[in-house]
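In what follows, residues are counted from 1 in the order of the sequence shown. Keep in mind the model is a prediction, meaning the values are calculated, not measured.
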Amino acid sequence: MSEIQYTPRELLACVAARLIKDGESVFVGTGLPLVGALLAKKMHAPNMMAIYECGAVDPEPRVLPWSVSCSWTTYKAPIILSMSSVFGHSRAGYADVGFLGGAQIDMYGNINATCIGDYEHPRVRLTGSGGANDIASLCERVIFMGLHLPERLPERVDYITTPGYLDGPGARERAGLVGGGPWRVITHLGVMGFDEETCRMKLISYHPGVTPEVIQQFTGFELIIPDDVTETPKPTEEELRILREEVDPCQLFCF
């Protein structure tokens, strides 16, 4: 029997989908988070409610939206709100999970999407927060997706665009942030979480073909690596079938 073939992006989409539970409200983002949310809804979470930053809630897109502002995000949506309204719903506690990306994420889950280098004289000026600050401050669980490189995972981000655990235990509470904070980090090398006592990033699983040692080598700080860390389960035939035939048949994001 031949081994199931899949692309790295298909693996990440499956990992993201598995983290979504049935009945949850999920603030999705453009790209793989959107693919993962739609895959979860078709696989195991039919009552998952997707929230799009443009204001659409729980649509049934016939075509994979190319972004969170694509017109397909409103197709058969039972309600279409303003951007400020959907963020207001998050403040009211109606958003369980939020997906985010960025240029950097540090050991406490703080995200930088503003600049690389000094703020006044940056080497690179980035796009900024958008709605990421609201999502990270208000959602119960936050999932970050991005590349795994030392400069992408530094000990401290150059600028805190989006708060994680700030400088450690108790910092979110002191800042008045109502959401639970960063929960998972999905990269092309593995899946990370955060230690309950120290709030520092820890390794949960390494992707097939990768080792914990390699992940540590590509991290700009010392990861907590528990003894029970395991390999990330590969995509199943059914996950890949639905992903390729129903969610992203044109390989818009899972090429």
Verify, without hydrogens or angle tests, whether Glu24 (side chain) and Lys21 (backbone) share a donor-acceptor contact under 3.5 angstrom.
yes

Dump the intermediate steps for side-chain contact (heavy atoms from CB on, under 4.5 Å) on Thr230 and Ser205, then the final yes or no.
CA-CA 5 Å; Thr230 59; Ser205 70; 4.3 Å; yes

Are there more than 12 heavy atoms of other residues, nucleotides or ligands under 6.0 Å from atom CD of Glu222?
no

In a table with atom names and distances, give each donor-acceptor pair under 3.5 Å that connects a side chain of residues 149-160 to protein atoms at least two apart or in another chain.
{"unit_1": "Asp158", "atom_1": "OD2", "unit_2": "Gly117", "atom_2": "N", "d": "2.9"}

Same apolar cluster: Ile4 and Leu12, side chain cutoff 4.5 Å:
yes

Under 6.0 Å between the ring centres of Tyr108 and Phe221?
no

Closest contact, heavy atoms only, Thr73 versus Ala56
O-CB, 3.0 Å

Do Thr30 and Ser67 get their side chains close enough for a donor-acceptor pair, meaning under 3.5 Å?
no

For a 4.5 angstrom cut-off between non-hydrogen side-chain atoms, does Ile80 reach Pro59?
no

Given the rule that I, L, V, M, F, W and Y join up when any side-chain heavy atoms are under 4.5 Å apart, are Val15 and Phe144 in one cluster?
no

Kindly indicate whether the side chain of Tyr206, heavy atoms from C-beta on, has any atom under 4.5 Å from the side chain of Thr211.
no

Which residues pass the salt bridge (charged side-chain N to carboxylate O under 4.0 Å, His left out) test with Arg174, sequence neighbours left out?
Asp167

Find the distance between CG (Asp248) and CD1 (Ile242) and round it off to the nearest 0.5 Å.
13.5 Å

Check this for me, if you would: do Lys41 and Asp58 make a salt bridge, where the nitrogen-to-carboxylate-oxygen distance has to be below 4.0 angstrom?
yes

Under 3.5 Å side-chain donor-acceptor pair for Ser129 and Asn133
no

Keeping Arg172 on the side-chain end and Gly164 on the backbone end, is there a donor-acceptor pair under 3.5 Å?
yes

Take Phe87 and Phe27 through the test ring pair (Phe, Tyr, Trp, His ring centres under 6.0 Å) and record every step on the way to the result.
CA-CA 10 Å; Phe87 285 126; Phe27 235 119; 5.3 Å; yes

Closest approach of Leu126 and Cys115, non-hydrogen atoms and distance?
CD1-N, 3.9 Å

What is the distance from atom CZ of Arg9 to atom CG of Leu243, rounded to the nearest 0.5 Å?
12.0 Å

Is there a side-chain contact (heavy atoms from CB on, under 4.5 Å) between Val97 and Ile143? Walk through the geometry before answering.
CA-CA 7 Å; Val97 181; Ile143 301 172; 3.7 Å; yes

For the residue pair Leu223 and Met201, establish whether any side-chain heavy-atom pair is separated by less than 4.5 Å.
yes

Pairwise side-chain contact, Met43 with Arg18, heavy-atom cut-off 4.5 Å (strictly under):
no

Partners of Asp118 by side-chain hydrogen bond (donor to acceptor under 3.5 Å, both in side chains), sequence neighbours excluded?
none

Donor-acceptor contact present, side-chain Thr161 to main-chain Asn112, <3.5 Å
no

Indicate if Ile111 and Met145 have the same hydrophobic cluster label, given that clusters are the connected sets of ILVMFWY residues with side-chain heavy-atom separations under 4.5 angstrom.
no

Is there a side-chain contact between Ile224 and Thr198 in this structure, where contact means two heavy atoms from C-beta onward sitting under 4.5 Å apart?
yes

Scanning both residues in full, the closest heavy-atom pair of Gly29 with Phe99 reads N-CB, 4.3 Å

Are side-chain heavy atoms of Asn110 and Thr162 found at a separation under 4.5 Å?
no

Residues Ala103 and Ile116: closest non-hydrogen pair is CB-CD1, 4.3 Å

Look up atom NZ in Lys234 and atom OG1 in Thr232, then write down how far apart they are to the nearest 0.5 Å.
11.0 Å

Co-membership, hydrophobic cluster, residues Ile135 and Tyr94, 4.5 Å side-chain
no

Tested for side chain to side chain donor-acceptor pair (under 3.5 Å) against Glu10, the lone hit among Arg244, Gln5, Gln251 is Arg244

For residues Tyr52 and Val86, determine if any side-chain heavy atom of one lies less than 4.5 Å from a side-chain heavy atom of the other.
no

Side chains of Asp22 and Pro46 in contact at under 4.5 Å (non-hydrogen atoms)
yes

Pairwise distance SG(Cys139) to CG(Leu177) - rounded to 0.5 angstrom:
12.0 Å

If you compare all heavy atoms of Val35 against all heavy atoms of Cys254, which two are closest, and at what distance to 0.1 Å?
CG1-SG, 3.9 Å

Spacing of Leu203 atom CG and Asp228 atom CG [to the nearest 0.5 Å]:
10.0 Å

Check whether the ring centres of Phe194 and Tyr165 lie less than 6.0 Å apart, and answer yes or no.
yes

Nearest 0.5 Å, please: how far is CE in Met83 from CG in Asp134?
10.0 Å

Would you say CD of Glu197 has more than 12 non-hydrogen atoms from neighbouring residues, nucleotides or ligands within 6.0 angstrom?
no

Closest contact, heavy atoms only, Pro233 versus Leu11:
O-CD1, 3.8 Å

Chi angles and distances behind the side-chain contact (heavy atoms from CB on, under 4.5 Å) call for His207, Val191:
CA-CA 8 Å; His207 296 333; Val191 179; 3.9 Å; yes

Step by step, would you call Leu19 with Trp183 a side-chain contact (heavy atoms from CB on, under 4.5 Å)?
CA-CA 10 Å; Leu19 296 177; Trp183 180 58; 3.9 Å; yes

Are Ile186 and Leu32 grouped together when hydrophobic residues (ILVMFWY) are joined by side-chain heavy atoms under 4.5 angstrom apart?
yes

